[in-house]
There are 2 protein chains.
Amino acid sequence: MTPSNAPTVYDVARLAEVSIATVSRVLRTPDAVKESTRERVLGVVRELGYVPSASARGLAGRRTGVLGLFIPGHEALESPAASDSQETGVRVVDDREGSRHRHRGFRADYFDELLRGAEVEAWRTGHALMIGAGRGDGSIDDLAGRVDGLAVVASTASDEAIERLSARLPVVLLAGGRHELPVDHLAVDNRGGMRAVAEHALRSRGPGAVLVLGGPHDSPDAEERRLGVRDALEAAPSTEVVHDDGLFVRERGRERTAAALADGPLGAVIAANDQLALGALDALQAAGVAVPGQCVVTGFDGVEEARLSRPPLTTVAQPMEALGRTAVRTLLDRIAEPRRPCQDARMPVTVLLRESCPPA
Amino acid sequence: MTPSNAPTVYDVARLAEVSIATVSRVLRTPDAVKESTRERVLGVVRELGYVPSASARGLAGRRTGVLGLFIPGHEALESPAASDSQETGVRVVDDREGSRHRHRGFRADYFDELLRGAEVEAWRTGHALMIGAGRGDGSIDDLAGRVDGLAVVASTASDEAIERLSARLPVVLLAGGRHELPVDHLAVDNRGGMRAVAEHALRSRGPGAVLVLGGPHDSPDAEERRLGVRDALEAAPSTEVVHDDGLFVRERGRERTAAALADGPLGAVIAANDQLALGALDALQAAGVAVPGQCVVTGFDGVEEARLSRPPLTTVAQPMEALGRTAVRTLLDRIAEPRRPCQDARMPVTVLLRESCPPA
DNA sequence: GCTTCGACTGTATGCGCTTACATCCCGGCG
DNA sequence: CGCCGGGATGTAAGCGCATACAGTCGAAGC
């Protein structure tokens, strides 16, 4: 852990002329020690700059005081040599065209808040938080060996790994994931949120068909959102609807919207995520369709780009920060009460009405 | 660490009919074990879902395999009860005015990349990264007890704490900080970057005085940037210059720019950070001064807002990701060679030319 | 004056792992 | 045929701390 010096309880005990047990008590249960003794020990602690070893604490106490958060890794970042050039000097570039591609995509935008929420809650409860970025089951095992509980973003780790680890420590699965696994689940209200925004879109729509961009079939999130759309459509029976399910990417939204426009006018595009909706905006603009004048558009997720698009996108914001907090709280609850039945909580979402489908 | 079960080396050893030493060797130095034995042990490991305890490993091996990154805490976040309402259901809000205040400010924008760089580099070298957010010396001590080395953003921890901890483990100080401390330092080329951008501004300036917004006097960064401006001004002797040093905040930039305009026309505003420059843009716009037509403006830092302002701000981007990587590398170097003399490295910056002071 | 009790402190053990050192087993050598 | 060397494995000693348990001591109770 250190050059080799680094004082230990033994050093403190010797200088303070007490036993190591007393030193430990001063740090863990101060009230159990007479004040004069306590002051003497604390004095030595300060003098020596003593800091307890978390490893030893963890081993002796059977708990590390650390919670883990496992999120998807940044695939694009495995290009190491990129900015590796250590040359000194100042570079000057023309950045007017946005020529500098900020690679802060999904993660920065999305997990940053999750992380912050988890961190705040962990801190409030006297825990440290350790972040792991997914790159195979090896890395999650490593993380698992270091923490008292683990929050895992679904689809980041294999079912097998999650099941195996859940036998060893508390695990909470975030946002979708097979619910057969014997772990706590935490997700957002995909269905309710989608229903709400879809209802609004249907009310506000222009003449023409409704295009539903449903997202991939293997995504539990997409599945729930499709159900939300169905809920909304049931209240508007005689609507002409075009369905398309496919990847959660902008290109797909653009393509299918363009294709649908070729078949006739659209009055609304309801997309299962923001990328698809942004693609739809692209296609509508290219076709000269006014948004929201002729056609309204809605997305889901509440990513930053959706706020900055033209027009700004009506979408459903996921409460990422609250998710992070609740994940930590769920872990702590389970640590406190290991045999409690598995929870399956839903966090409420917020519909953000913006120009692409404005308030009535 | 767990409900109480969780297999240990002893369990694996028993089932594989070997000693715990052999189990340990299979995991740490596989080549030292006969292949048949190794396979047998690994089989049991998989079967049991065995994961080694990092605490025990850390204690026995005198190293945790974790590096720490200590960054400023999020002050604004200490408002816990805010989104604490657990009510279910979907909320709908009008977000057209940007009514949803995204609190992703300095940190998200700035430290996220630092974090990413550190994380990638740590991972590449088989280390985990633990993030600590500054809230007093207590929290940095806690972090220090858990890691093999610590990267600290300057001004996040007290000098006293840094000095104390540096006696215990390798510490690298990021971006400014008293260079008397016996630790490795890592910073960006404030002076060179500022000189480059200032030279460009002086070349491109319109008629009128040059306003230099120099930032606070107690900031080492600001001090270096002032020197950079001086360097640039030496090459343009007969320039009329107005200096102002003050807080790194937008309001200050706005005020002082307005005040300067009241005294006569400005041909350029050179600001020591982006907030000041954005404030200057505000004032120039309010006064009807065309940017860059009549007056050019430059900032420093490369925050996201600078890219989105109108006009987009010419600024100096700090290589945060590279900083993160290098910080980790510096720690590892020192861990490998504890008595090496202290380094004081500078990372190159990049001038981003945008509309507020475009390329010639 | 002796027991009782509680506040305080010391003794001793073990948490799960790594690693120096001892041991064992063989093939090869003199 | 005994000895040596080295590969493979076992033995045992901690790593730094928490904590159950066992004192110790003085004041209160009888």
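Just the heavy atoms: all of them, side chains too, but no hydrogens, waters or symmetry mates, feed the values below. Below, chain A is the first sequence line, B the second, and so on; all start at residue 1. Values in this document were obtained by computation on a predicted structure and should not be read as measured data.
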Figure out the CD/P separation between Glu35(B) and dG7(D), and round it to whole Å.
17 Å
Between P on dG16(D) and CG on Asp148(B), what's the gap in Å once rounded to a whole number?
14 Å
Side chain Tyr10(A) and base dC15(D) donor-acceptor under 3.5 Å
no
If you measure only the distance, is there a donor-acceptor pair under 3.5 Å linking the side chains of Thr330(B) and Asp184(B)?
no
Would you say [N] has OP1 or OP2 under 4.0 Å from some side-chain N or O of [X]?
X	N	result
Ser24(B)	dT18(C)	yes
Tyr50(B)	dC17(C)	yes
Arg28(B)	dT19(C)	no

For Arg124(A), is there an ion pair with Glu121(A) - N to carboxylate O distance below 4.0 angstrom?
yes
So, Asp333(A) and Arg329(A), do they make that salt bridge, N to O below 4.0 Å?
no
Toward the 5' end of DNA chain D, which comes first, Ala60(B) or Val23(A), by nearest nucleotide?
Ala60(B)
The bend of the helix from dG1(C)-dC30(D) to dG30(C)-dC1(D), taken between the axes of its five terminal pairs at each end and rounded to 10°, is 60°
Counting C-beta onward and ignoring hydrogens, is there a side-chain heavy-atom pair between [X] and [Y] closer than 4.5 Å?
X	Y	answer
Ile335(B)	Leu67(B)	yes
Phe111(A)	Leu69(A)	no
Leu27(A)	Tyr50(A)	yes
Ile20(A)	Thr22(A)	no

Short N/O separations, protein against nucleotides 8-11 of chain D, under 3.5 angstrom:
unit_1, atom_1, unit_2, atom_2, d
dT9(D), OP1, Thr37(B), OG1, 2.4
dT9(D), OP2, Lys34(B), N, 3.0
dG10(D), OP2, Ser19(B), N, 2.9
dG10(D), OP2, Ser19(B), OG, 3.0
dG10(D), OP2, Thr22(B), OG1, 2.7
dG10(D), N7, Arg25(B), NH2, 2.8
dG10(D), O6, Arg25(B), NH1, 3.2

Before giving the answer on salt bridge (Lys or Arg N to Asp or Glu O under 4.0 Å), spell out for Glu35(A) and Arg38(A) the whole-Å C-alpha distance, their side-chain angles and the decisive distance to 0.1 Å.
CA-CA 5 Å; Glu35(A) 173 159 1; Arg38(A) 195 193 320 151; 5.2 Å; no
